[in-house]
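Working notes, beginning with the structure itself.
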Amino acid sequence: IADNVSEISSYGLESELYYNYQNLSNYLNFSYQKSTTFQDDPIKGKLVLDTRLYPTYMVKFGSNFRVPEWFLNLNLEGKYITSRIASDNNIRSNDPANLKEYSLSPYFLLDFTISSDNLNFISNHETKLTFKVANLLDQKYFFPGFKDYDIPALDRSFLLKVTQQF
């Protein structure tokens, strides 16, 4: 019989607003998550602690503009992620005497995408060309890691994709 490694209690809320008018669509998404874990301490008894690794708040928004006469879609998307507590393993490595926890900084990302819309190089088979600049502002941020190492995220990156339907 398998047992979970730890007991976690979670609750949260997610909401989204969406607006569409002619060739412009916009959205705003908000999420809240509160997760706690329980730990036995020989002196203090049962402790209720915030879970590590996960952000409490996330906000995501975007706007998409279609330009049908040019067969184009333009998209701008942003997201804000609040700070996250580092893993237990990294906290022990960072400050083994005091076990002082630390958090990874919050961050804001902005992505821009331009893509074709309703383009047919082959009759009745859509061809989609997409060019995306991810992390447009070149933010430096990290994901919680393990073994003394928090994982660096990608710097600004450029992606080109071609998709042909048959």
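- In terms of heavy-atom proximity, N124 sits nearest to N120 at C-OD1, 4.2 Å.
- In the hydrophobic cluster analysis, where Ile, Leu, Val, Met, Phe, Trp and Tyr join through side-chain heavy atoms closer than 4.5 angstrom, L74 is grouped apart from F71.
- The environment of OH in Y21 is sparse: at most 12 heavy-atom neighbours from other residues, nucleotides or ligands sit within 6.0 Å.
- Residues N75 and S115 form no side-chain contact, since every pair of their non-hydrogen atoms from C-beta on lies 4.5 Å or further apart.
- Between V59 and L28 there is a side-chain heavy-atom pair separated by less than 4.5 Å.
- To the nearest 0.5 Å, the span separating OH on Y107 from CG on L137 amounts to 14.0 Å.
- Proximity of Y141 to I81: side-chain heavy atoms (C-beta onward) are nowhere separated by under 4.5 Å.
- The number of heavy atoms from other shown groups lying within 6.0 Å of OH (Y54) does not exceed 12.
- With rounding to the nearest 0.5 angstrom, the CZ atom of F38 is 9.5 Å from the CD1 atom of I8.
- Between the D150 side chain and the P144 main chain, no donor and acceptor come within less than 3.5 Å of each other.
- Shown here are the side chain to side chain contact (heavy atoms under 4.5 Å, CB included) partners of S105, two or more places apart in sequence or in another chain: there are none.
- Below 30°, between 30° and 60°, or above 60°: for Y11 and Y32 the angle between ring planes is between 30° and 60°, a tilted geometry.
- For the pair N20 and L24, the tightest heavy-atom approach, listed with the atom from each and the gap, is OD1-O, 3.1 Å.
- Between the D111 side chain and the N135 main chain, a donor and an acceptor come within less than 3.5 Å of each other.
- The shortest heavy-atom contact between F143 and A153 is CE1-CB, 3.7 Å.
- Tracing side-chain contacts under 4.5 Å through hydrophobic residues (I, L, V, M, F, W, Y), one never reaches L104 starting from I151; they form parts of separate clusters.
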side-chain contact (heavy atoms from CB on, under 4.5 Å) between T130 and L159, intermediate numbers included: CA-CA 8 Å; T130 305; L159 306 134; over 6 Å; no

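- The closest donor-acceptor contact from the side chain of S63 to the backbone of L76 lies at 3.5 Å or more, if one exists at all.
- L72 places none of its side-chain heavy atoms less than 4.5 Å from the side chain of D117.
- Residues L17 and Y19 fail the side-chain proximity criterion, which asks for heavy atoms closer than 4.5 Å.
- Contact annotation: the side chain of F131 never approaches that of F112 to less than 4.5 Å [non-hydrogen atoms, C-beta and beyond].
- The minimum heavy-atom distance between Q165 and H125, with the atom names listed, is O-CB, 2.9 Å.
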Verdict with reasoning, S10 to S35, per side-chain hydrogen bond (donor to acceptor under 3.5 Å, both in side chains): CA-CA 4 Å; S10 295; S35 296; 2.6 Å; yes

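- One hydrophobic cluster, built from ILVMFWY side chains closer than 4.5 Å, cannot hold both L160 and L154; they sit in different ones.
- Rounding to the nearest 0.5 Å gives a distance of 5.5 Å between CG of N23 and CZ of R66.
- Between atom CG of residue L129 and atom CD of residue Q164 there is a gap of 9.0 Å, rounded to the nearest 0.5 Å.
- Note on M58 and Y80: separate hydrophobic clusters, where clusters join Ile, Leu, Val, Met, Phe, Trp and Tyr whose side-chain heavy atoms are under 4.5 Å apart, directly or indirectly.
- The structure places CG of L109 at 10.5 Å from CG of D138, a figure rounded to the nearest 0.5 Å.
- Side-chain contact between N118 and P68 is absent, with no heavy atoms from C-beta onward closer than 4.5 Å.
- Here NZ of K132 is found 6.5 Å from CD of E77. Values are rounded to the nearest 0.5 Å.
- For Y27, there are no ring-ring contact (aromatic ring centres under 6.0 Å, His included) partners two or more places apart in sequence or in a different chain.
- Counting heavy atoms from C-beta outward, P106 and Y57 have side chains that stay 4.5 Å or more apart.
- The 12-atom threshold is not exceeded at NZ of K79, counting heavy atoms of other residues, nucleotides or ligands nearer than 6.0 Å.
- Around atom NZ of K140, more than 12 heavy atoms belonging to other residues, nucleotides or ligands sit under 6.0 Å away.
- The two residues R84 and P55 have their closest heavy-atom pair at CG-N, 3.2 Å.
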